[in-house]
Peer 1: 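Here it is: the structure, laid out below.
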Amino acid sequence: MTASTEAEDLGQVPEPGSAGSADGLSSATPIQAPLGTKDVLWPESARWEALIALFRSIVTRAGFGLLVSPAFEDVRLFRRGIGDENEVVGKEMYEFADRSGRRLALRPEGTASVVRAYVQHRPPTPWKAWYATQAFRYERPQAGRYRQHHQLGVEAVGVADPEMDLEVIELAHQLYRSVGLSRVTLRLNTMGCSLCRPAFIEALLAYLSSRSGQLCGAHADTFAANPLRVLDCKKDECRAVTSEAPRLAGLLCDECSAHFASVRDGLDALGIEYLLDERLVRGFDYYTRTTFEFQAESLTSAQSAIGGGGRYDGLVEAIGGPPTPAVGFGVGIERLLLACDAEGCFEVPGPAPQVFVVDLTGGKLARDIARELRREGLRVSRSYENRSMRSQLRQADRSGATLAVIVGPEEAAGSSATLRELRQPSHQPSRQPSRQESVSRSELADRVLELLGNATTDVLDVTAGEGMP
RNA sequence: GCGGCCGUAGCUCAGGUGGUUAGAGCGUCUGGUUGUGGCCCAGAAGGUCGGGGGUUCAAGUCCCCUCGGUCGCCCCA
């Protein structure tokens, strides 16, 4: 999708799967998730729920509140905020016109929307917002890179104090630790400010011009557009040139220098290890002063940055607000979970039911019992379609439930229910015969709660067993 | 936008140099138990061999195109 796409074009796009063409689509092509997107099914989605809940818990304790903002915005927001010449804006944005001709774009990252919301509503500062949203980039997918991915992030607006940089970095650090990642490296750099960065860029540009012939093929004639980008290039040619390039550290203004020193001292005091990386250049133009990135050392794929952020003291003003300092970070959920896979941590079991109701009388009893137990707060599944008892118990077993409630003609006649242990809550796959007992309907819920309550010991009292084969 | 690799059942994959009705494991369903899951056994369902074209007496297999997936480059979470 490009800026020149007109709404009328929609009518001319051939329908995939439409009949009659010999272009390879003549027979029905299955409808599936678009390139670069994916479904997250249960039980994998349980990790997502747990991760977001964990993040929410961490940042809420630090005084951040949830911001829900639109997935698409006026395209000018991203052009001004992120920078026109940036690839993400220049050719990777999902940009479109709506039916009224408004120029919109699906957000390629999280920060710009948050800052737009701040400028629009002007809440009291310090304004500390967190979010969990999708982000969209039209690029070729590969391991750890998707056209729709998801980010967790925080933004703190209105505070210039390096303490806020520290708080933000520490929150990210805490997230990685909480999910159990140990092989994560924090890279830290400073980008200077509007006072000292121009001098640096000028010096860098002059230097690169003098040695442009030695740069790699990609940068030899593009370095002028974004000289900072060359610092980040991994090609040996560029590395050789930039190793002797002028350094920002020597050109920082006094305030930037003091700010950076405070951040570094603070990290030391917090016991957070970091790597000073003068080549670290974050992708977006809006960064000033502190920038940082977290790298998962366990990821062997090309995309191993699992989060990053920094200070962006000029962004609020750039999109129409008053001069306002701000700092934040974003974490890619997919990449974070890839890193967890690589380290074998943060395994979250799917939400198995606690009780499974087996009903041999047609299903109405199961309906009543499930409702009753669910009202007690229990996770309860049941069978449908009046299958054989064998089949229902098979379902019960596979569901992962701890207890089965069995009701058949006998129980119905006696207003009772049979409780059967499916697995020990402290379970190993034990081969011991399961215990079961009979309870009256009126005591069913209490007994189930009781059995699930002392989940650390035997589920059912042996003496109450009804003589299992 | 560019390049490498790969498309056979819901999943993971077998199917030398083309040769009958395309197989296995796992999963699903049913039965082995007139009301008892797991382990075991038996059976069943499930496939336009991604799609189109070509070569051939004959194509899952060879050729071309195309669609899809995946990994990498650029760039980025």
Side-chain angles (χ1 to χ4, degrees), chain A residues 2 16-17 21-30 32-36 38 82 86-92 108-111 133-153 172 216-219 222 226 229 232-235 281-284 293-296 299-309 329-339 356 358-361 383 385 387-401 403-404 406-411 418 420-423 427 429-434 436 466 468-469:
Chain A
T2 68
S21 61
D23 58 4
L25 296 172
S26 54
S27 72
T29 21
Q32 52 183 22
L35 180 66
K38 63 173 188 174
I82 298 172
N86 188 285
E87 292 230 348
V88 168
V89 167
K91 55 182 226 192
E92 294 177 1
E109 53 94 45
T111 301
T133 65
Q134 56 296 78
F136 306 87
R137 292 183 201 162
Y138 189 87
E139 51 188 345
R140 252 341 253 285
Q142 65 191 71
R145 189 173 68 189
Y146 309 93
R147 289 191 166 182
Q148 173 176 338
H149 73 281
H150 297 78
Q151 292 186 359
L152 301 169
C216 78
H219 286 117
T222 61
N226 192 349
R229 174 68 36 218
D232 198 35
C233 183
K234 291 150 209 127
K235 294 269 168 37
V281 175
R282 305 266 312 145
F284 305 131
E293 189 168 288
F294 288 89
Q295 190 113 12
L299 285 183
T300 54
S301 55
Q303 316 301 332
S304 60
I306 55 174
F329 73 78
V331 172
I333 291 182
E334 288 86 348
R335 286 191 193 173
L336 177 62
L337 292 178
L338 278 179
F356 192 102
V358 171
D359 183 352
L360 305 174
T361 70
S383 69
E385 295 170 336
R387 297 204 192 169
S388 70
M389 183 171 194
R390 169 198 187 84
S391 172
Q392 292 192 43
L393 273 172
R394 255 207 276 258
Q395 283 188 302
D397 184 59
R398 279 191 316 247
S399 76
L403 286 177
I406 303 169
V407 284
E410 285 177 29
E411 288 86 351
T418 299
R420 182 174 174 81
E421 167 196 280
L422 293 174
R423 52 178 43 69
H427 70 74
S430 80
R431 313 289 283 117
Q432 297 171 13
S434 294
Q436 71 180 38
E466 292 292 322
M468 287 308 305

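Just so we're on the same page: letters track the sequence lines, and every chain starts at 1. What you are looking at is a predicted structure, and each value in this text was computed from that prediction instead of being measured. As a basis for the values below, the full set of heavy atoms in this structure was taken, side chains included, without hydrogen atoms, waters or symmetry mates.
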Peer 1: Could you measure between the two C1' atoms, the one in B:C62 and the one in B:G4, and give it in whole Å?
Peer 2: 22 Å

Peer 1: Rounded to whole angstrom units, what separation is found between the CZ atom of A:R423 and the C1' atom of B:C39?
Peer 2: 14 Å

Peer 1: Go through B:G35, B:G69, B:A77 for me and flag the one nearest to the A:H149 side chain.
Peer 2: B:A77

Peer 1: What closest approach, in Å, do A:F356 and A:Q392 show between heavy atoms, and which atom pair accounts for it?
Peer 2: CE2-O, 3.8 Å

Peer 1: Between atom CG in A:L360 and atom P in B:U34, what is the gap in whole Å?
Peer 2: 13 Å

Peer 1: Which is true for A:I406 with a 4.0 Å heavy-atom rule: it touches a base, it touches only sugar-phosphate, or it touches nothing?
Peer 2: base

Peer 1: Provide the distance between the two C1' atoms, one in B:G27 and one in B:U66, to the nearest whole Å.
Peer 2: 33 Å

Peer 1: When only distance counts, do a donor and an acceptor, one from the side chain of A:Q142 and one from the base of B:G69, lie under 3.5 Å apart?
Peer 2: no

Peer 1: If I take atom CD in residue A:Q436 and atom P in nucleotide B:G38, what distance separates them, rounded to the nearest angstrom?
Peer 2: 15 Å

Peer 1: Can you find a donor-acceptor pair, distance only, under 3.5 Å between A:R390 side chain and B:G32 base?
Peer 2: yes

Peer 1: Quick one: list whatever passes side chain to side chain donor-acceptor pair (under 3.5 Å) with A:E411, sequence neighbours left out.
Peer 2: A:T418

Peer 1: Enter the distance from A:F329:CZ to A:T111:OG1 here, rounded to the nearest 0.5 Å.
Peer 2: 10.5 Å

Peer 1: Taking atom C1' of B:U70 as reference, at what distance in whole Å does atom CZ of A:R145 sit?
Peer 2: 13 Å

Peer 1: Touch check for A:R387, heavy atoms < 4.0 angstrom, all strands: base, sugar-phosphate only, or nothing?
Peer 2: sugar-phosphate

Peer 1: Scan A:G330 against the nucleic acid and name what it touches under 4.0 Å (heavy atoms): base, sugar-phosphate only, or nothing.
Peer 2: nothing

Peer 1: Classify A:G144 by what it touches in the nucleic acid, base, sugar-phosphate, or nothing, heavy-atom distance under 4.0 Å.
Peer 2: base

Peer 1: For B:A42 and B:G35, measure between their C1' atoms and round to the nearest Å.
Peer 2: 22 Å

Peer 1: Residues two or more places apart in sequence or in another chain: which of them pass salt bridge (Lys or Arg N to Asp or Glu O under 4.0 Å) with A:E334?
Peer 2: none

Peer 1: Send over the distance from A:L338 CG to B:C71 C1', rounded to a whole Å.
Peer 2: 13 Å

Peer 1: Considering only side-chain heavy atoms of A:E411, which listed nucleotide, B:G69, B:G35, B:C71, is closest?
Peer 2: B:G35

Peer 1: Quick one: does A:R147's side chain have a donor or acceptor within less than 3.5 Å of a partner on A:F136's backbone?
Peer 2: no

Peer 1: Under 4.0 Å from OP1 or OP2 of B:C71: is there any side-chain N or O of A:S301 that close?
Peer 2: no

Peer 1: Do any of residues 393-401 of chain A sit with a heavy atom less than 4.0 Å from RNA chain B, and if so which?
Peer 2: A:L393, A:R394, A:D397, A:R398

Peer 1: Suppose you measure atom C1' in B:C5 against the same atom in B:G47; what distance do you get, rounded to whole Å?
Peer 2: 25 Å

Peer 1: Can you tell me how far C1' of B:C71 sits from CZ of A:R335, to the nearest Å?
Peer 2: 14 Å

Peer 1: Kindly write out the residues that satisfy ring-ring contact (aromatic ring centres under 6.0 Å, His included) with A:H150, not counting sequence neighbours, or none if the list is empty.
Peer 2: A:W48

Peer 1: May I ask you to say what A:Q303 touches in the nucleic acid, namely base, sugar-phosphate or nothing, with a heavy-atom cut-off under 4.0 Å?
Peer 2: base

Peer 1: Between atom CE of A:M389 and atom CG of A:D359, what is the distance when rounded to the nearest 0.5 Å?
Peer 2: 10.5 Å

Peer 1: Would you check if the side chain of A:R423 reaches a backbone N or O of A:A401 as a donor-acceptor pair within less than 3.5 Å?
Peer 2: yes

Peer 1: Would you indicate, yes or no, if B:U30 has its OP1 or OP2 atom less than 4.0 angstrom from a side-chain nitrogen or oxygen of A:S391?
Peer 2: yes

Peer 1: Please give, in whole Å, the distance from B:G7 P to A:Q32 CD?
Peer 2: 17 Å

Peer 1: Does A:R140 offer a backbone N or O that forms a donor-acceptor pair with the side chain of A:R145 under 3.5 Å?
Peer 2: yes

Peer 1: Using a 4.0 Å heavy-atom cut-off across all strands, classify A:Q295 as base, sugar-phosphate, or nothing.
Peer 2: nothing

Peer 1: Within this structure, what is the CG-CD1 distance for the pair A:L393 and A:I406, rounded to the nearest 0.5 Å?
Peer 2: 5.0 Å

Peer 1: Taking the P atom in each of B:A22 and B:U48, what is the distance between them to the nearest angstrom?
Peer 2: 13 Å

Peer 1: Both A:E410 and A:T300 contact RNA chain B. Which one's nearest nucleotide lies toward the 5' end?
Peer 2: A:E410

Peer 1: For residues A:L360 and A:P409, determine if any side-chain heavy atom of one lies less than 4.5 Å from a side-chain heavy atom of the other.
Peer 2: yes

Peer 1: How far does the C1' atom of B:U8 sit from the matching atom of B:C75, given to the nearest Å?
Peer 2: 37 Å

Peer 1: Looking at CZ of A:R398 and CZ of A:R394, how far apart are the two atoms once the value is rounded to the nearest 0.5 Å?
Peer 2: 7.0 Å

Peer 1: What is the distance from CD of A:E109 to C1' of B:C75, rounded to the nearest Å?
Peer 2: 14 Å

Peer 1: I'd like the P distance from B:C40 over to B:G15, given in whole Å.
Peer 2: 27 Å

Peer 1: Where are the stems of RNA chain B, defined as at least 3 consecutive Watson-Crick or wobble G-U pairs with both distances under 3.5 Å?
Peer 2: B:1-7 with B:67-73, B:10-13 with B:23-26, B:28-32 with B:40-44, B:50-54 with B:62-66

Peer 1: Could you grab the distance from atom OG1 of A:T133 to atom CD of A:E109, nearest 0.5 Å is fine?
Peer 2: 9.5 Å

Peer 1: Hey, which sits more toward the 5' end of RNA chain B by its nearest nucleotide, A:A143 or A:I333?
Peer 2: A:A143

Peer 1: Taking A:E385 for its side chain and A:R387 for its backbone only, find out whether a donor-acceptor pair lies under 3.5 Å.
Peer 2: no

Peer 1: Do any N or O atoms of the protein come closer than 3.5 Å to N or O atoms of nucleotides 2-4 of chain B, and which pairs are they?
Peer 2:
residue	atom	partner	partner atom	Å
B:C2	N4	A:R140	NH1	3.0

Peer 1: Taking only the C1' atom of each, what is the distance from B:C26 to B:C63 in whole angstrom?
Peer 2: 36 Å

